[in-house]
Structures are given as structure tokens and as C-alpha cells.
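A short worksheet on the structure shown next.
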Amino acid sequence: MDSIPFVDLKIQYQQLKHKIDAAIGRVLDRAQFIVGPEVERFEKRFANFCQTKYAVGVSSGTAALHLSLLALDIGSGDEVITVPNSFFATTEAILLVGARPVFVDVDPETQLIDILKIESAITKRTRAILPVHLFGQMADMKRLVKVAKKHQLAVIEDACQAHGASLGGRPAGSWGDIAAFSFYPSKNLDALGDAGAVVTNRRELAERVRLLRDHGSPEKYLHNLVGHTLRINELNAAVLNVKIDHLSSRNKKRRTHADLYNELLSDLPLTLPPRLDSGRSIFHLYVIRTKNRDSLARFLAKEGIATGIHYPIPIHLQKAVAHLGYRTGDFPVAENLAKEVLSLPMYPELEPKQVEKVAECVSRFFATAKGGSVKQ
Ligand SMILES: *Cc1c(COP(=O)(O)O)cnc(C)c1O
């Protein structure tokens with residue numbers, strides 16, 4: 001069998017080529033490239049998908065996080081509670097507005113924010129909690145929102161990996177005050193380059209994001225706020241209008257692949273992704289854990305199977321945040337995860353026989369390594 005990539009964006013394009021090319025053609029014919037009818041249509045449909053009142057298209061997931069914090073007027077002197085195991089952008093957005101990220105460790109089982117650790121991190125400067133719905137699995141928002149309410153804190157969801165994930169039937173993005181989504185090409189809903197969206201039920205926040213993404217300008221040459229150029233564009237919105245029709249069915253395919261992985265890997269000495277009773281994961285990534293992570297990754301690479309590590313260095317140990325003064329040992333769960341996590345190939349267009357081949361190779365690794373006692 002041919003090698004198995006980590007993600008394959010070409011198959012989706014081949015399957016939707018007809019519609020995507022036509023959508024792009026329509027934008028080119030209209031020659032309206034910044035915010036126009038495609039953006040307006042996409043915003044309505046994405047808000048509907050997230051069961052929120054408003055969606056505002058922006059230029060990336062990072063911009064969505066940044067603008068969410070700005071809309072809530074969070075800045076210098078403020079603290080925002082978040083997790084150290086995420087893509088760097090979560091923390092970066094907090095730093096970009098001049099606020100201080102305050103990390104709390106994650107739950108060892110779910111790998112998501114440990115709700116019990118939040119309260120001890122709250123100070124009089126705390127303004128918001130920023131949980132991450134990592135790998136497509138939602139944080140425990142029921143309990144998190146309760147803690148936030150009790151302390152009058154805003155909740156910003158980093159839903160950049162969670163388009164369509166839900167908890168008790170209620171989708172990611174609809175739980176907090178405001179939420180950020182990314183349409184980076186590898187995400188569950190993907191644009192042709194960088195794009196993102198902010199969703200919220202609060203009209204004043206949606207309006208502020210709408211102004212801030214576009215020079216603080218409610219109409220041409222009128223500037224009510226100092227904003228930026230962080231808009232989504234018509235080409236990407238047109239493509240997203242095609243792809244959003246396929247999002248739920250493609251998420252379902254990811255879940256089917258995850259079920260097959262779970263079944264085939266269940267007897268091996270490794271930790272499978274958590275299964276939360278009331279939550280529905282959309283498996284942005286399928287992440288296993290083993291102490292033999294590096295040798296397993298090398299073994300799979302030799303078999304032509306690509307893997308990923310999300311993420312190899314916890315954020316509190318990154319050079320860019322050295323000034324915050326965190327040290328190794330501060331967040332042992334996240335630090336341990338960084339050493340053990342391995343993401344297996346996961347995208348909707350995977351064939352079951354590819355999932356079987358990956359699982360067979362993982363099994364063979366543990367068989368030859370005698371249950372995991374292989375030399376690193
Ligand atoms: C992708 C991602 C982001 C940033 O999104 P971009 O569109 O790449 O800027 C932020 N947070 C998480 C958890 C992500 O996965």
C-alpha cells in the first residue's frame with residue numbers, strides 16, 4: 001500500500017472541484033473581493049451552525065482570538081486564565097492585547113482544562129477564562145461557566161479545533177461570551193488559506209469585532225475605534241459556503257475512523273483518546289499516548305505512515321513567554337503529555353483500509369517491542 005499522509009487536502013478538492021471552482025468564478029466575475037455577499041451569507045450560515053446569534057468572519061483563528069479579547073476590552077493589567085497545552089496562538093492572543101496569560105494545568109484524562117484548578121488561579125486582576133476545545137473535544141463548559149459566573153469572569157472559547165463539537169447537544173462556540181474559530185487549511189472546516197470567525201450571542205461584542213476587523217469603521221472614512229485589517233475575504237467565504245454543506249458529514253467520517261482506530265488499538269499498551277459520555281468529539285486530531293512515542297513515530301515513518309505531535313513543547317516553556325517566569329515542573333500533566341502524545345493520520349477522506357494499516361503497524365510495533373519495553 002502507498003504511504004499514508006497525516007492529512008490529504010487534495011482529495012476533498014477533487015470531490016468538490018466543480019462547486020469550488022464555480023464559487024471562485026462567481027467572485028472573480030463580481031470582482032468584489034473584500035466583504036461582500038459571500039461573507040454575509042457565510043456569517044449567517046456559520047452562526048446558524050454554531051447556534052449563536054452572530055458570526056463575524058475574520059482573517060484567521062488568531063485574529064478571532066485577538067479580536068474577541070479586544071471586544072471584551074481586556075488589555076494591560078488584566079489576567080486571562082488558559083491552558084499550557086494548545087497551539088501557541090491561544091496564549092499569543094492574550095499577550096498581543098497586553099494582558100497576562102495565567103496557566104492552569106489540564107486534567108490527565110481529558111487533556112482539557114482542569115476545572116478544579118481554576119479557582120486558585122483567580123486574582124483580582126483576572127478578567128476571563130479561555131478554555132481550548134483541544135483535538136475536537138469540548139472542555140467541561142457546564143462547570144467552567146459556573147465558575148466564571150461566580151467570579152464574574154468572561155468566557156472566551158478557543159474553538160479553533162472544534163467546528164461542530166458539542167456537549168449535551170449544545171455546540172462549541174455557544175457556551176461562552178464569545179468564541180474563536182479557525183479555517184486554516186488543516187482544520188475541520190478549511191479555507192484556501194488563512195481565515196477565521198468570531199461567534200457570540202452578545203450583539204455589542206459582535207458589533208465591536210465587526211468594527212475592529214475593519215479599521216474601526218462603520219462606514220467609509222468614518223473611524224470610531226482604532227482597529228486593524230483583519231477581515232475575511234470574499235474568495236474564502238465563497239469556498240467556505242461550499243464546504244460548510246459538507247462539514248457535518250465529514251465530521252461524521254472522522255468519528256467513524258476514530259471508532260475503527262479505537263476498536264483496533266484497544267488491546268495495546270497505549271492510552272486511547274478520552275471518551276466523554278455527554279460530549280461529541282469531532283476528532284480534529286486522533287491522539288494516542290505512549291511512553292514509547294518517539295520510537296513508535298520512527299517505526300511508523302519507516303512504514304510510510306506520517307504522524308504529528310500536538311504539541312511537543314508546552315506553551316509555558318516556550319522562549320517567547322520566558323518573561324512570565326514559568327519553569328519546568330509547574331504543570332506536570334501538560335509536560336507529561338508533551339512527551340507522550342502522538343497524532344495518527346486523521347482526515348475524512350481516509351479509507352478504512354488505511355486506518356487498518358496504521359493500526360496494524362502500531363500493533364506490530366508493540367509486538368516486536370514486547371509490550372512497550374523497547375529501547376528508546
Ligand atoms: C489553529 C489554531 C489556532 C489559530 O488559528 P489560525 O487560523 O492558524 O490563526 C488557535 N488555537 C488553536 C487551538 C488552533 O488549533
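Start at 1 and go down the list; that is how both ligands and their atoms are numbered.
- Each of K10, Q354, R250, Q14 was compared with E349 under the side-chain hydrogen bond (donor to acceptor under 3.5 Å, both in side chains) criterion, and only R250 meets it.
- Hydrophobic clustering, with ILVMFWY side chains joined whenever heavy atoms are under 4.5 angstrom apart, groups F46 together with V35.
- With R202 contributing its side chain and I178 its backbone, the two residues share no donor-acceptor pair below 3.5 Å.
- Between Y261 and Y286, the ring planes lie parallel to each other; the angle is under 30°, not in the 30° to 60° tilted range.
- Between D105 and K117 there is no salt bridge, since none of the side-chain N atoms of the basic residue sits less than 4.0 Å from a carboxylate O of the acidic one.
- Atom NE2 of H228 sits in a sparse spot, with 12 or fewer heavy atoms from other residues, nucleotides or ligands closer than 6.0 Å.
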Ligand 1: protein N/O within less than 3.5 Å of ligand N/O:
| residue | atom | partner | partner atom | Å |
| --- | --- | --- | --- | --- |
| ligand 1 | 5 (O) | S182 | OG | 3.3 |
| ligand 1 | 7 (O) | G61 | N | 2.7 |
| ligand 1 | 7 (O) | S182 | OG | 2.6 |
| ligand 1 | 9 (O) | G61 | N | 3.3 |
| ligand 1 | 9 (O) | T62 | N | 2.8 |
| ligand 1 | 9 (O) | T62 | OG1 | 2.5 |
| ligand 1 | 11 (N) | D158 | OD1 | 3.4 |
| ligand 1 | 11 (N) | D158 | OD2 | 2.8 |
| ligand 1 | 15 (O) | Q161 | NE2 | 2.8 |
| ligand 1 | 15 (O) | K187 | NZ | 3.0 |

